[in-house]
Amino acid sequence: MILNLTAVVAMGQSASPDITEYTQRTLKDATFVARKVRAVQTELKKINDDFGAIYRFDRITFFYREPLMLRVEAQVEETSAVYIIDGPIQMFRVPRLRLNQRMNLKDAPGRRQTPLDFGVLTSGMFKDLFQAKFVRVDRATNDAVYDLTYRNSDDTSRHRVWVDTEKGITTKREWYNQPGRQIATFTYEKPEKQNGCWIATEVTVRNVDNKVAGILRYEKFRVNTGLKDSLFELK
């Protein structure tokens, strides 16, 4: 028993309780393309009604800039769509349908898309949005495990993340809804280093039945190119 306790203590000391020690500190902006590898809509729908929407597109282009600014461009046949997030404000535009929808997600942070969706940890995520609690060190992988909850919010949904403490990226994420039920598990694989930043290049999502619901592959990365303000204008 004493030997086991010593091993646990030693492992716990190998990871910092402060998750910001493992953020991609040099990341200022990134551009990449997500390509659909696999999508099973019946399994995606078990996660929630809207989750499968992104998997209806074969290719999506993402533009990200710190802190928490995101632009998503997608196209199906002759219809293009643009999704922009700047902090808690999101805008969704489909010019062909004359759709221009603007929402403030300040009171619904669980609906916001962040670098966490791509397995990336940035310092901007932990300033006003997430708070992290160290749980343990995973004995099988030596990854540090944290629970992420939302700051100053009634939204009780949360994420449990496994963090590669050498590369500073998420390798696995469990997503729990507000009642506390696990609804999806994400694995982030095949990491590559781009301009000093580690980024996973493939993500697999499984539903509560542990069925593979979708796989995305990230490619054509460009990091810290100085993205313009106009890409993220909410108008």
Q: Looking only at the aromatic ring of each residue, does the gap between the centers of F32 and F118 stay below 6.0 angstrom?
A: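 Centroid distance F118-F32: below 6.0 Å, so yes.
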Q: For residues I199 and I169, report the shortest heavy-atom separation together with the two atoms involved.
A: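 Result for this residue pair: N-CG2, 4.3 Å.
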Q: Determine the sole option in T187, D138, T141, D143 for which the side chain to side chain donor-acceptor pair (under 3.5 Å) test with T171 is passed.
A: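 The single option meeting the side chain to side chain donor-acceptor pair (under 3.5 Å) with T171 is D143.
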Q: Does R93 offer a backbone N or O that forms a donor-acceptor pair with the side chain of N100 under 3.5 Å?
A: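 Here the side-chain-to-backbone pair does not exist.
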Q: Is a donor on one side and an acceptor on the other found under 3.5 Å between the side chain of D164 and the backbone of G168?
A: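 Not confirmed, D164 side chain does not pair with G168 backbone.
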Q: For the pair E73 and R71, find out whether any cationic side-chain nitrogen is under 4.0 Å from an anionic carboxylate oxygen.
A: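 So E73 pairs with R71 through a salt bridge.
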Q: Is there a donor-acceptor contact under 3.5 Å from the side chain of Q90 to the main chain of L105?
A: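 Here the side-chain-to-backbone pair does not exist.
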Q: Determine yes or no for a side-chain-to-main-chain donor-acceptor pair under 3.5 angstrom, with N48 supplying the side chain and F51 the backbone.
A: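 Checked: pair present.
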Q: Return yes when atom CG of D154 has more than 12 non-hydrogen atoms of other residues, nucleotides or ligands closer than 6.0 Å, and no otherwise.
A: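 Open: at most 12 neighbouring heavy atoms sit under 6.0 Å from CG of D154.
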Q: Charged N to carboxylate O below 4.0 Å: is that the case for D128 and R151?
A: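 Salt bridge flag = no for R151 with D128.
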Q: Answer yes or no: is there a side-chain heavy-atom contact under 4.5 Å between W175 and T185?
A: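 No, their side chains stay 4.5 Å or more apart.
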Q: Can you check whether A81's main-chain N or O pairs, donor with acceptor, with Q75's side chain at less than 3.5 Å?
A: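 No: the side chain of Q75 does not pair with the backbone of A81.
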Q: Quick check on side chain to side chain contact (heavy atoms under 4.5 Å, CB included): which of Y176, Y146, Y150 does H159 satisfy it with?
A: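 In the set Y176, Y146, Y150, the residue that makes a side chain to side chain contact (heavy atoms under 4.5 Å, CB included) with H159 is Y150.
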Q: Between the side chain of D86 and the main-chain N/O of M69, is any donor-acceptor distance below 3.5 Å?
A: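 No; judged by distance alone, with no hydrogens or angles, the pair does not exist.
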Q: Do T79 and R96 have a side chain donor and acceptor closer than 3.5 Å?
A: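 Judged by distance alone, the side chains do pair up.
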Q: Distance-only, no hydrogens or angles: does the T170 side chain make a donor-acceptor pair with backbone N or O of K172 under 3.5 Å?
A: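 Judged by distance alone, no pair lies under 3.5 Å.
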Q: So do F63 and T61 actually touch side chain to side chain, heavy atoms under 4.5 Å?
A: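 Touching, per the 4.5 Å side-chain cut-off.
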Q: Under 4.5 Å between side-chain heavy atoms, hopping through other hydrophobics if needed: is there a path connecting V72 to Y218?
A: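 Linked, V72 and Y218 end up in one cluster.
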Q: Under a 4.0 Å threshold between the charged nitrogen and the carboxylate oxygen, would D147 count as salt-bridged to R158?
A: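 Salt bridge present between R158 and D147.
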Q: Would you indicate whether the side-chain heavy atoms of E192 and Q194 approach each other to under 4.5 Å?
A: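 Of all side-chain heavy-atom pairs linking E192 with Q194, at least one is under 4.5 Å.
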Q: With the side chain counted from C-beta on, respond yes when Y64 and T122 share a heavy-atom pair under 4.5 Å apart, and no when they do not.
A: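 Touching, per the 4.5 Å side-chain cut-off.
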Q: Check whether any side-chain heavy atom of F62 sits under 4.5 Å from a side-chain heavy atom of Q113, and report yes or no.
A: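 F62 vs Q113: side chains touch.
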Q: With no hydrogens and no angle check, is any side-chain donor or acceptor of Q178 less than 3.5 Å from a backbone partner on T156?
A: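 Yes, the answer is positive, given that a donor and an acceptor are paired below the 3.5 Å cut-off.
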Q: Taking side chain as C-beta onward, heavy atoms only, is V205 less than 4.5 Å from Y55?
A: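 V205 vs Y55: side chains touch.
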Q: Please determine if R59 and E219 form a salt bridge, counting it only when a charged side-chain N lies under 4.0 Å from a carboxylate O.
A: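 So R59 pairs with E219 through a salt bridge.
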Q: Salt-bridged, R222 to D29, with N to O below 4.0 Å?
A: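 Judged by the 4.0 Å cut-off on N to carboxylate O distance, R222 and D29 do not form a salt bridge.
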Q: Around N152, counting heavy atoms of other residues, nucleotides and ligands shown, do more than 12 lie under 6.0 Å from its CG?
A: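 Not buried by this count: 12 neighbours or fewer within 6.0 Å.
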Q: Should the pair E202-R217 be classified as a salt bridge under the 4.0 Å nitrogen-to-oxygen rule?
A: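 Answer for the salt bridge query: yes.
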Q: Taking T20's backbone N and O only, do any of them form a donor-acceptor pair with D18's side chain (distance below 3.5 Å, no angle check)?
A: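 Here the side-chain-to-backbone pair exists.
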Q: I'd like to know if the side chain of R65 reaches the main chain of L227, judged simply by a donor and an acceptor atom lying under 3.5 Å from each other, with no hydrogens or angles considered.
A: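 It does hold such a pair.
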